[in-house]
Amino acid sequence: MDNCLFCDIISGKIPSTKVYEDEEILAFKDINPMAPVHILIIPKNHIDGADKLNDDNSAIVSKIFSVAARLAEEYHLDKGFRIVTNSGDDGGQTVRHLHFHLLGGAKLNTTLC
Ligand code: AMP
Ligand code: ZN
């Protein structure tokens, strides 16, 4: 997808600190961390956001959650963590490529919005 920051990270055009990669998924450190551990987990196939998930493309979400659990173990988030996805303007999505924030390493604020 042209003009997509995360597609450019996947292709290597824009550098990132990768922490996990397979054929379908990339995980890398958020450039502006909101917690001691703040990792973004994304599908390599461009999907605009959670609003564009459907029966044909949503299997990747289950795989992303498996990667999140694996990274949580790797980063010793044994006290807990949070997975967040923002969708659209009201949801605060700034990068229009589906991504899941994995946050942890400290007691997180409990307000949901
Ligand atoms: P969202 O606001 O939910 O769309 O999340 C987008 C996230 O991408 C934000 O947390 C940004 O800090 C992060 N971000 C933006 N540019 C980069 C980049 N070049 N490398 C890593 N993370 C980025
Ligand atoms: Zn993209």
Side-chain angles (χ1 to χ4, degrees):
M1 166 83 52
D2 290 339
N3 292 322
C4 173
L5 175 66
F6 287 173
C7 281
D8 285 348
I9 283 178
I10 290 161
S11 73
K13 199 168 140 192
I14 291 176
S16 67
T17 306
K18 294 179 188 178
V19 296
Y20 176 86
E21 184 167 21
D22 64 28
E23 310 88 64
E24 296 178 294
I25 292 168
L26 179 67
F28 54 98
K29 292 194 176 171
D30 195 292
I31 205 167
N32 182 26
M34 297 294 192
V37 175
H38 187 171
I39 292 167
L40 298 173
I41 311 172
I42 67 175
K44 286 190 172 176
N45 280 335
H46 181 97
I47 298 170
D48 279 352
D51 55 314
K52 298 297 183 190
L53 287 168
N54 55 51
D55 286 350
D56 293 331
N57 66 11
S58 60
I60 194 68
V61 176
S62 148
K63 294 181 183 176
I64 285 172
F65 270 66
S66 292
V67 169
R70 176 177 166 157
L71 286 168
E73 192 173 3
E74 202 175 308
Y75 281 82
H76 310 292
L77 304 182
D78 42 294
K79 285 185 169 174
F81 56 87
R82 184 173 296 157
I83 298 170
V84 174
T85 188
N86 298 321
S87 179
D89 281 346
D90 278 3
Q93 185 180 11
T94 60
V95 179
R96 198 78 176 125
H97 179 127
L98 179 67
H99 53 282
F100 293 82
H101 299 256
L102 172 64
L103 299 149
K107 185 87 176 163
L108 301 172
N109 189 322
T110 52
T111 48
L112 278 177
C113 55

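Ligands are counted one by one from 1 in listed order, and the atoms in each one are counted from 1 as well.
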Quick check: is Val19 connected to Leu40 through a chain of hydrophobic side chains (ILVMFWY, heavy atoms under 4.5 Å apart)?
no
Within the 4.5 Å heavy-atom criterion, are Glu21 and Lys44 side-chain neighbours or not?
yes
As an exercise, identify every atom of ligand 1 less than 4.0 angstrom from a heavy atom of Asn32.
12 (O)
What protein heavy atom sits nearest atom 16 (N) of ligand 1, and how far off is it?
Leu5 CD2, 3.3 Å
So is Lys29 close enough to ligand 1, meaning a heavy atom under 4.0 angstrom away?
yes
Counting each atom of ligand 1 from 1 as listed, which ones have a heavy atom of Phe6 under 4.0 Å away?
8 (O)
Tell me if the CG atom of Asp89 is crowded by more than 12 foreign heavy atoms within 6.0 Å.
no
Quick check for you: within a radius under 2.8 Å, how many protein N, O or S atoms neighbour the Zn ion (ligand 2)?
4
Using a strict cut-off of 4.0 Å, indicate which atoms of ligand 1 neighbour a heavy atom of Val95.
4 (O), 6 (C)
In the protein, what heavy atom is nearest to atom 12 (O) of ligand 1, and what distance, to one decimal place, separates them?
Asp30 OD1, 2.5 Å
Any Gly92 heavy atom less than 4.0 Å to ligand 1:
yes
Do the side chains of Phe81 and Leu108 join up, straight or via other hydrophobic residues, at under 4.5 Å, putting them in one cluster?
no
Looking at side-chain heavy atoms only, is the closest gap between Leu5 and His97 below 4.5 Å?
no
Select the closest option to atom 18 (C) of ligand 1 among Ile42, Ile31, Ile14, Leu103, judged by heavy-atom distance.
Ile31
Mark up the atoms of ligand 1 that fall under 4.0 Å of a heavy atom belonging to Gln93, in ascending order.
4 (O)
Can you tell me which residue among Leu26, Leu102, Ile25 is in a side chain to side chain contact (heavy atoms under 4.5 Å, CB included) with Val67?
Ile25
Is it true that atom CG of Asn54 has more than 12 heavy atoms of other residues, nucleotides or ligands lying nearer than 6.0 Å?
yes
Report the part of Phe100 in contact with ligand 1, treating N, CA, C, O as backbone and CB onward as side chain, heavy atoms under 4.0 Å; options are side chain, backbone, both, neither.
neither
Would you mind telling me if ligand 1 is within reach of the side chain of Leu40, the backbone, both or neither, using heavy atoms under 4.0 Å?
side chain
Under the side chain to side chain contact (heavy atoms under 4.5 Å, CB included) rule, what do Lys79 and Lys107 come out as? Steps first, then yes or no, please.
CA-CA 9 Å; Lys79 285 185 169 174; Lys107 185 87 176 163; over 6 Å; no
Compare all side-chain heavy atoms of Lys52 with those of Leu98 and state whether any distance is below 4.5 angstrom.
no
Taking the side chain as everything from C-beta on, heavy atoms only, tell me whether Ile60 gets closer than 4.5 Å to Asn45.
no
Show the atoms of ligand 1 that are less than 4.0 angstrom away from any heavy atom in Thr94.
1 (P), 2 (O), 4 (O), 5 (O), 6 (C)
Side chain to side chain contact (heavy atoms under 4.5 Å, CB included) partner of Ile39, the single match among Phe100, Tyr75, Tyr20, Phe28
Tyr75
Should the pair His38 and His101 be assigned to parallel (<30°), tilted (30 to 60°) or perpendicular (>60°) ring geometry?
tilted
Answer yes or no: does an N/O atom from His38 fall short of 3.5 Å to an N/O atom of ligand 1?
no
So with a 6.0 Å cut-off around CG of Asp51, is the heavy-atom count from everything else above 12?
yes
Close approach of His99 to ligand 1, heavy atoms, under 4.0 angstrom
yes
